[in-house]
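Shown next, in structure tokens, is the structure this report addresses.
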Amino acid sequence: MEDEEMEKKVQQYLQRKGFRLTELALQEERNRLSTSAISDVALARSDNDPARYHDGYSRLRTWAYSSLDQYKHELLRVLYPVFIHSFMDLVAEGHMQEARSFFHTFREDHEVMHSRDLQKLEGVLSPSHLEEMELARSFRKNKFKIKLCEYSYELLLQYLQKTQALVVLGVINEHITFEVSPGQPSLISDDADVVALIGTSKDLAKQINQKEVHWGLLEDSVEERMEKALAESDKIEAESKDADAEDNKKRNAEGGKQGASLKKAKKDKLVGATGKNVRTETSMVSVAPRVKPELTLPATPVEVEQSILEDLRNRAQLNSVALPSVSFYTFVNTHNGLNCSSISHDGSLVVGGFSDSSVKVWDMSKIGQPTKMSSSQSENGSSQGERISTLDEGKRTYTLFQGHSGPVYSAAFSPFGDFLLSSSSDSTIRLWSTKLNANLVCYKGHNYPVWDVQFSPVGHYFASASHDRTARIWSMDKIQPLRIMAGHLSDVDCVQWHVNCNYIATGSSDKTVRLWDVQTGECIRMFIGHRSMVLSLAMSPDGRYMASGDEDGTIMIWDLSTGRCVSPLLGHSSCVWTLAFSCEGALLASGSADCTVKLWDVASSTKTLKTEDTQLS
């Protein structure tokens, strides 16, 4: 009150003396101080106003979408990190209602590319959840790296300076780092790393990928012995030609023909044991280096080797021109109960794992017989039919294995088809004998459901993947795991052996693929590039390349020696559940939840790398 009375007296004095200019200057100063006080209060309020995140992101979104088409797709990359951290900042400040409203208002902007992350973040209901959820902690600890061209980066800076968007500017400074490249912006980029988290995980990947990988085939393998036999046949053929030339000089024409025919018969006998037509098929693996096994491998029976050689001799070469014939088996009336299936290497047996905890094996030689088909249809059609077929052992078209106490998620035959592995939500793995039709061993070690299990290429050893974020290596004769591979940040969804049995690959819900040394249990490669959980893996026959498929339908081909993505394969619109290379490695087959099976010509994708290697050598 005293200040106001003083101001009034001063103003009256100025009016009485006629100091008009001084009176106006005093009044203007009074108004300026009043306005400054009001703005300070408004700024203090805005610092705690949850609406500032909604307004800041909304204006940035409108600006990015209204940008020139040439730069729009690059500027839109900034939206996702700003969206994520604006939401988490609101949660951290305790504005839960405003955070939920913000999340649901703008989540459609990122549903296509980041649906998996959004589903997890939707469960954040309190500030404590930000500390408990690994995804949220990862976002808070690491920075996003965004690739922009130089002009797009300048446009973004101009926008931030012009609008004074303090909230957006704070998020960008704290949580985003830009990789600015000169020149024009890329088109719709197929580089999966244009928006990626960097920090400890990225540094770890760089450190891991510097380790050496011996990706070749095993020494003294069946393929190597076959190549030696073919090389010997070539030598005999060359010697035969030289001998023919000498015989033509010393002998008459008839004698020369007889000598040539004898040597030709000798050569044909050797080639017949291996197969002349295998030469082209083994050309891919013949250039692969040879490595020694790190595990003690079981001896291969002679009769098994002979069957493998016979199979190799009769096998046709596949490529983009000569596509394979296809044989499909359809499970009918499963009522969404079938979780997994697998076919033995010789195609004689088919196994299915079911949600009722059962494992069923079908003998393909018995499918289609009239007296047994009726029993199969009755079993599939009703529970009463199942009881009848279970009791009537003579008419059942399948062998029923029971022992698990939860849904069966994976089943795999041994290389020779005499054993079968199954994994379940009951956290166990069971070994079955297809000869005795009985359960041999129950392996316990995982703490949560086991999503996948795979035999090694030589049998005896197998690997498992689980919800407990670990993969484990086992041998058939020990009930405890030999190695535990820990390092993934989420579920290990799939596992695959390398062809030389020295490594296993694992795919995870943390969107990474890792390669592990089976002897040391150490991670020696980390493959980063998928935008969703990795569901399937496959190794090329020469051991150099690996294919991985994810939930979004993307397939990536990786070079194990460098850890780089050779080529992304785009075509599926849903989860890629299974992958398999052809035996010569030229084709890759993929099965997807979009109800399609696709064949990919991967030979053309890897041809450039092989040409470079040849030039370097």
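In this chain, numbering begins with 1 at the start of the sequence shown.
Screening residues 593-603 for side chain to side chain donor-acceptor pair (under 3.5 Å) gives H572-D594, H572-T596, S590-W600, S592-D594, D594-T596 as the qualifying pairs, with residues at least two apart or on separate chains. The salt bridge (charged side-chain N to carboxylate O under 4.0 Å, His left out) analysis of residues 502-512, with sequence neighbours excluded, yields the pairs D117-K511.
S357 contributes a side-chain N or O that, together with a main-chain N or O of H404, makes up a donor-acceptor pair within less than 3.5 Å. In terms of modelled atom types and a separation under 3.5 Å, the side chain of T434 and the main chain of D418 share a donor-acceptor contact. For R430 (side chain) and S424 (main-chain N/O), no donor-acceptor pair under 3.5 Å exists by modelled atom type. Looking only at distances, no side-chain donor or acceptor of S540 sits under 3.5 Å from a matching main-chain atom of M546. In this structure, D452 contributes its side chain and D493 its backbone to no donor-acceptor pair below 3.5 Å.
Residues passing the side chain to side chain donor-acceptor pair (under 3.5 Å) test with H467 are D491, sequence neighbours excluded. By the side-chain contact (heavy atoms from CB on, under 4.5 Å) test, R483 pairs with I473, M485, Q519, sequence neighbours left out. Listed by chain and number, the residues in a side-chain contact (heavy atoms from CB on, under 4.5 Å) with S348 are S344, D346 (sequence neighbours excluded). For S466, the side-chain contact (heavy atoms from CB on, under 4.5 Å) partners are H446, Y448, D468, not counting sequence neighbours. The salt bridge (charged side-chain N to carboxylate O under 4.0 Å, His left out) test applied to D426 returns no partner, not counting sequence neighbours. Partners of E551 according to the side chain to side chain donor-acceptor pair (under 3.5 Å) rule, which considers only residues two or more places apart in sequence or in another chain, do not exist here. Take E294 and apply the salt bridge (charged side-chain N to carboxylate O under 4.0 Å, His left out) test, not counting sequence neighbours, and it matches no residue. Applying the side chain to side chain donor-acceptor pair (under 3.5 Å) criterion to D477, with sequence neighbours excluded, gives S475. Partners of H214 under the side-chain contact (heavy atoms from CB on, under 4.5 Å) rule, at least two apart in sequence or in another chain, are E212, V291, Y503. Scored by the side chain to side chain donor-acceptor pair (under 3.5 Å) test, S536 finds no partners at all (sequence neighbours excluded).
Between F416 and H345, the distance from one ring center to the other does not fall under 6.0 angstrom.
A cation-pi arrangement, defined by a distance under 6.0 Å to the six-membered ring centre and an angle within 45 degrees of its axis, is absent between K360 and F401.
Contact check on D559 versus R544 returns a salt bridge, with a Lys/Arg side-chain nitrogen under 4.0 Å from an Asp/Glu carboxylate oxygen. The pair E522-K211 counts as a salt bridge, with a side-chain nitrogen and a carboxylate oxygen less than 4.0 angstrom apart.
Other residues, nucleotides and ligands contribute at most 12 non-hydrogen atoms within 6.0 Å of the CD1 atom of I479.
Listed here is the closest heavy atom pair of L440 and L436: CD2-CD1, 4.5 Å. What you find for W558 and S548 is that their closest heavy atoms are NE1-OG, 2.8 Å.
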Taking it one step at a time, do E132 and R137 satisfy salt bridge (Lys or Arg N to Asp or Glu O under 4.0 Å)? CA-CA 8 Å; E132 297 170 359; R137 289 205 308 269; over 6 Å; no

Under the criterion ring pair (Phe, Tyr, Trp, His ring centres under 6.0 Å), I'd like the reasoning laid out for F144 against F139: C-alpha separation, chi angles, the key distance, then a yes or no. CA-CA 8 Å; F144 280 92; F139 283 147; 5.5 Å; yes

Given side-chain hydrogen bond (donor to acceptor under 3.5 Å, both in side chains), test W432 with S422 step by step and report yes or no. CA-CA 8 Å; W432 313 84; S422 60; 2.8 Å; yes

Determine, step by step, whether F462 and Y443 satisfy the ring pair (Phe, Tyr, Trp, His ring centres under 6.0 Å) criterion, reporting the C-alpha distance in whole Å, the side-chain angles of both residues, the deciding distance to 0.1 Å, and the verdict. CA-CA 11 Å; F462 60 93; Y443 302 95; 5.0 Å; yes

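Side chains of Y409 and P407 form a contact here, defined as non-hydrogen atoms less than 4.5 Å apart. Here the side chains of E111 and D109 are not in contact, with every heavy-atom distance at 4.5 Å or above.
Screening I555, L587, L569 for a side-chain contact (heavy atoms from CB on, under 4.5 Å) with V602, the sole residue that qualifies is L569.
Residues S410 and W451 bring no donor and acceptor atom of their side chains to less than 3.5 Å of each other. Side-chain N/O atoms of W516 and T506 include a donor and acceptor closer than 3.5 Å.
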